Amino acid sequence: MEIKLEDIEQLEKVQRYITNMRPVFNRRAIFSDTTEEYLSPMEPKAYDKVTIRIRTARNNVDQVLLVHQGKKYLMMLAESDNLFDFYAYELQLGEEKTSYYFELHSASLVGYYNTRGLVQEVNEYYNFVVLPGFKTPKWAKGAVMYQIYVDRFCNGDTTNDVLTNEYCYINEPVHRVADWDRNPAQMDVREFYGGDLQGVLDKMDYLQDLGVEVIYFNPLFVSPSNHKYDIQDYDYIDPHFGKIVVDKGDLLEAGQKENRYASRYINRVSNHLNLEASNQLFIRVVEEAHRRGIRIILDGVFNHCGSFNKWMDKERIYEKVKGYEKGAYVSGDSAYKGYFDFQNQNSWPYNNSYDGWWGHNTLPKLNYEGSKELFDYMMYIGRKWVSPPFNADGWRLDVAADLGHSREFNHYFWKKFRKAVKEANPEAIILAEHYGNTREWLQGDEWDTVMNYDAFMEPVTWFLTGMEKHSDDYREDLLGNVVTFWGAMRHHSASFSLPSWQVAMNQLSNHDHSRFLTRTNRKVGRISTLGSLAAEEGVNKAVFREAVVMQMTWVGAPTIYYGDEAGLCGFTDPDNRRTYPWGREDQKLIAFHRDIIRMRREHEEFRTGSIMYLDSDYNFLSYGRMKKEGKCLVLINNNQHLVHRVISVWMLGTEKSGKMKTLLYTDENGYAMEGNEYEIIAGKIRVVLPKTCAMVLKYIPNL
């Protein structure tokens, strides 16, 4: 039989095609991030060499390129297992921020991989980011935090309680609330329940048993309000939270509103014996917490102070007290005059023309640009409280982006603040309150991280409840909307480098927003429109437990707002500041929190592992957390009906066979720390989830 030349050429062409043919491009197998398994070292120093890795399906791509600063570098196949190929490239760092993404080729297909996953178009915003020389404290990575609003947590010492008519605040006398269980009034700021640091000491066993690793205190420094965001003296713990060892003087007489006559209050907050005793009590609190393995974070209010502040002294509290300089309000010759911005230079004595934050004259804005002395003093304060003998473990920064009169100065201040704090205590954390894009402050030389509103609280709230975080709005279109949920999470988490993300404060509730449990009733309003009882009506604890499951399995530091774990409800400020319900706790919810915290602490993948999107549908989502030594699957069914799903767990790096063991199960009837085992067949499991159900499963390989 004659063989023609064209037949030979066609046969060779077919053979080449078969030889080079790849399986269909398996986009679901592709994965990389900047955890230690894909970036080594994960927190490199300047000029280190780092090994960057990416995972693909085995024998599925022709070429992988690392794209960095406009240049492409060929990555080499470094390792393979039964399912995956791992490509690697060693990159030499400088001292500047490094960002990169991947370009993958499979036959005629080309794709790009960044923090959004596999995409067809590149956007620099979503590049992977490495900040040479930047690291966050190991103790804070994934740590379980607990926020305490001190006046409402526990009254351990009744002798330091604020007394009715002790002084006036915002033109009305302060009031001691005798009934601990009474809900806050609509105008709550001048009402005091008596919680204090002794109360925290008394409840240390409870916090340790719960599994708390960090306490974040709302402000503790001398201040006339119960929230204490209008600081009066940065050098001392408020004796109403601390110790009053010398208690003399008189309350204000009926009808008297001038605090210069509030001699009882003046003695309590200006007498150095009281102030020093209060600082000593704080030292005891930190020592006791540290003895139990619990860290302490202080709230720093550096943008503004209070009109009661000794530097301003608008209330004339310090005017005649020995040992105190004249305040800037009192005298134009005050050493503190430059600490504030006075518009009228001819109004002394008692100059009321100072700049207040957002126009509030109770909150004088600090004028750092006008006073090097003020700037230097705040650097001292930043160092003081994280140094011996106080030894706090970090700062939470109130309205941090507002500080200063320009963005340029704001960044200058925080760079210097970071340097001061880290030199005093390299293991201290600096986390800031900020709404909106945080990237410009998270470049490794200012804040460590933020309160994670955009990449946690808000997406979780919208997805599970359809509610805005103040309970001010309900959006049916966002309830159960997984596209919006994942879009928000991917977009906003791209603002973080991984060291920042791993320590981000993930809250469901706090002192500025409604309680999450209240949001589950989907009632739009506040106590001014609905009354406080409405906050407790129709709440859904099963949905709340779903939220806690997400909180305890997401990247970051899950932060419990005191009382959430005990079933506390409340609309937004001030109703969210109810007292901890000692003796009326929901013990089942507390047990749930205790058990899920223990689960989190026992499985390292929840602290520092990768996170991977797996599957989603309306009101349903699943994701994985994985490290080499552990792989977990999280399933959330927020529907009001049963759901059947087939989940591809091989994407987590499991074998094609094995089992998934239940670590936690919760539904409308309660929760359990055990449940079904699911057989992995061909890399997949079949699950049935009842309504309002969440499950956490752990991969158990075949031995």
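Residues: numbered from 1 along the sequence shown. Since we're looking at a predicted model, the values are computed, not measured.
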Exercise for the section: Determine whether more than 12 heavy atoms belonging to other residues, nucleotides or ligands lie under 6.0 Å from atom CD of E124. Expected result: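 Count not over threshold, so no.
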Handout entry: E36 atom CD: more than 12 heavy-atom contacts under 6.0 Å
Key =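 Not buried by this count: 12 neighbours or fewer within 6.0 Å.
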Practice task
Go through M552 and I597 one step at a time and tell me if the side chain to side chain contact (heavy atoms under 4.5 Å, CB included) criterion holds.
Solution key: CA-CA 7 Å; M552 293 295 166; I597 290 170; 3.8 Å; yes
Would you confirm whether the ring centroid of [Y] sits within less than 6.0 angstrom of the ring centroid of [X]?
X	Y	answer
F516	Y561	no
H511	Y229	yes
Y126	F128	no
Y435	Y453	yes

State whether [X] and [Y] are salt-bridged, where the test is any N-O pair (Lys NZ or Arg NE/NH1/NH2 against Asp/Glu carboxylate O) under 4.0 Å.
X	Y	value
E458	K469	yes
E668	K691	yes
K141	E43	yes
E440	R407	yes
R55	D33	no
K228	D299	no
R295	E213	no
R475	D477	yes

With a 3.5 Å distance limit and no angle check, can you tell me whether [X] reaches the backbone of [Y] through a side-chain donor-acceptor pair?
X	Y	result
N226	D188	yes
N410	L403	yes
W414	A400	yes
S493	H491	no
E565	G563	yes
K698	M660	no
T692	D667	no
N521	V539	no
N638	L464	yes
N676	Y678	no

Practice task
Mind telling me whether Y146 and Y206 have parallel, tilted or perpendicular rings, with 30° and 60° as the class edges?
Solution key: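 Taking Y146 first and then Y206, their aromatic rings stand perpendicular (interplane angle over 60°).
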Practice task
On the 0 to 90° scale, with breaks at 30° and 60°, tag the W357-H360 ring pair as parallel, tilted or perpendicular.
Solution key: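 Aromatic pair W357/H360 classed tilted.
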What I want to check is whether the side chains of [X] and [Y] have a donor and an acceptor closer together than 3.5 Å.
X	Y	answer
S495	R439	no
S514	S471	yes
T553	R625	no
N452	N506	yes
N437	Y125	yes
R152	Y193	no
Y474	E476	yes

Handout entry: Partner of F31 under ring-ring contact (aromatic ring centres under 6.0 Å, His included), chosen from F84, Y38, W650
Key =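 Only one option passes, and that is Y38.
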Handout entry: Residue from F485, Y613, W554 passing ring-ring contact (aromatic ring centres under 6.0 Å, His included) with Y623
Key =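 Passing option: W554.
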For [X] and [Y], which heavy atoms make the closest approach, and how far apart are they?
X	Y	result
P581	L568	CD-CD1, 3.7 Å
G211	R601	O-NH1, 3.0 Å
M457	R519	CG-NH1, 4.4 Å

Problem - Name of the residue among L633, V687, N637, L697 meeting side-chain contact (heavy atoms from CB on, under 4.5 Å) with S622 - result: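 When L633, V687, N637, L697 are each tested with S622, the side-chain contact (heavy atoms from CB on, under 4.5 Å) holds only for L633.
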Practice task
Start with the C-alpha distance between Y100 and T34, add both sets of side-chain angles, then the distance that settles side chain to side chain contact (heavy atoms under 4.5 Å, CB included), and finish with yes or no.
Solution key: CA-CA 11 Å; Y100 61 89; T34 52; 3.5 Å; yes
Handout entry: Between OG1 on residue T136 and CH2 on residue W501, distance to nearest 0.5 Å
Key =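 T136 atom OG1 to W501 atom CH2 measures 13.5 Å (nearest 0.5 Å).
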Practice task
With rounding to the nearest 0.5 Å, note down the distance linking CD in E679 to NZ in K659.
Solution key: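 So the gap between those two atoms works out to 5.5 Å.
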